[in-house]
Amino acid sequence: MTRAYVPLLLTLAAVWGASYLFIKVAVDEIAPVAMVEGRLLLAALALSVYLISQLGLGPAVQAMRAAGWQAVLLGAVNGAIPFTLIAWGEQHVDSGVAAIANATVPLFLLLLAIRFRPSERASGLRLAGLGLGLAGVVVLSGMQSESGGWAIAGTLAVVVASIAYASGALYAQSRLADTTGHALAAASMLGAAVVLLPLALLELPQHVPSGKALGSLAALSLAGTAFAQLVLFRIIRLHGPARTSLVTYLLPPTALLYGALFLDEPLTVAELAGLGLILLGVAVGSGVLRLPSRATVRTAP
């Protein structure tokens, strides 16, 4: 079980990191809401087929119905809203910048826990980590000022998506702990597609997108969404959410590499500075990086 951890984590980072690349390509020809609706529908279909293959038709339908309206709400907060914000944001910023901004999710988890999870409130070094991460967002947003107001807006849209992801994580942990992972993934993606459908109908493309855009949408839906959900729940089941959250450190470098190789996106000093501050903030805020205690210092030879 332990030996499977690193391959699973690297697989999740590879498919999730590539999602920013696929979004950037698809959103060039397909409006953000319509593109996200296609992503959700394809992912929901793939996850439902997988669930049926595992449980059978009747039990699969029953498991998805058991998730109920809570899955719809989770799908909206953890799918429809952040997916759309990131897609809109990537119309105005590079895919690597979007990945860096999206790495703030653990920081907003800490911030929201102050209000909604008193037992997990951050203090001391964790609050310092939160400050470092938010400073990284400021550096990243300031960098975009050279590209105009829309670039700043695009960066901040991805940051707001991070807040939605953090809210969805807290909601899922507190409300849907008894729902099986596969059923929850399928039901939430389907619920998100239903929520977004009215807006998507207003943004249908006027012409058939190119094979490049459709291929990116298919890869985003099947690999970056459906397959990634299955890998995610497998890691959580085998190794727990704390070790799973370490994928946060791998996503921005992976997305930056994809963007540089396939989209010729430049790597700037400001991007690397913002990335460093955000990841350092996540490391300190999550407790992964700790300073030695006084007792340890005194007893050290």
Side-chain angles (χ1 to χ4, degrees), residues 1-23 26 36 38-55 60 63-64 67 71 74-75 77-80 82-83 86 95 98-99 102-103 105-106 109 161-162 164-166 168-169 171-173 176-177 179-193 215-258 279 282 286 288:
M1 293 296 184
T2 303
R3 286 183 296 178
Y5 170 68
V6 173
L8 286 172
L9 195 72
L10 292 177
T11 299
L12 187 60
V15 294
W16 266 355
S19 295
Y20 299 95
L21 166 68
F22 295 137
I23 291 170
V36 172
R39 173 184 183 179
L40 291 168
L41 286 173
L42 282 174
L45 177 61
L47 288 166
S48 298
V49 170
Y50 179 81
L51 186 64
I52 292 171
S53 70
Q54 296 296 304
L55 303 180
M64 291 178 65
L74 179 63
V77 175
N78 208 46
F83 286 2
I86 293 171
S95 62
N102 207 204
V105 172
L109 275 169
S162 297
Y165 278 137
Y171 181 78
Q173 186 177 359
L176 300 173
T179 306
T180 62
H182 296 161
L184 176 59
S188 62
M189 290 297 99
L190 182 60
S216 294
L217 177 57
L220 175 65
S221 305
L222 301 178
T225 309
F227 177 69
Q229 291 286 313
L230 298 178
V231 176
L232 172 66
F233 285 117
R234 181 171 177 81
I235 300 179
I236 291 176
R237 184 174 68 252
L238 295 178
H239 305 286
R243 297 188 73 189
T244 303
S245 68
L246 296 180
V247 73
T248 302
Y249 300 94
L250 301 176
L251 292 181
T254 304
L256 285 170
L257 178 62
Y258 285 140
L279 293 186
V282 171
S286 63
V288 172

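Index from 1, following the sequence.
- Residues in residues 215-233 take part in these side chain to side chain donor-acceptor pair (under 3.5 Å) pairs, two or more places apart or across chains: R39-T225.
- Within the 4.5 Å cutoff, the side chain of M64 has heavy atoms near those of the L51 side chain.
- Y50 is not listed as a side-chain neighbour of F227, based on a closest heavy-atom distance of 4.5 Å or more.
- Between the CG atom of L232 and the CD1 atom of I235 there is a distance of 7.0 Å, given to the nearest 0.5 Å.
- Scanning for side-chain hydrogen bond (donor to acceptor under 3.5 Å, both in side chains) contacts around S162 gives N102, T104, with sequence neighbours left out.
- Heavy atoms only, all atoms of each residue included: A193 and L41 are closest at CB-CD2, 3.7 Å.
- Between A223 and V15, the shortest heavy-atom distance links the atoms O-CB, 4.1 Å.
- Among residues two or more places apart in sequence or in another chain, the side-chain contact (heavy atoms from CB on, under 4.5 Å) test is passed with A219 by F22.
- Counting only distance, with no hydrogens or angles, the side chain of Y258 and the backbone of A14 share a donor-acceptor pair below 3.5 Å.
- Minimum interatomic distance between L55 and A63 (heavy atoms only, all atoms of both residues): CD1-CB, 4.4 Å.
- In terms of heavy-atom proximity, G224 sits nearest to S19 at CA-OG, 3.5 Å.
- L222 and A46 get closest at one heavy-atom pair: CD2-CB, 3.9 Å.
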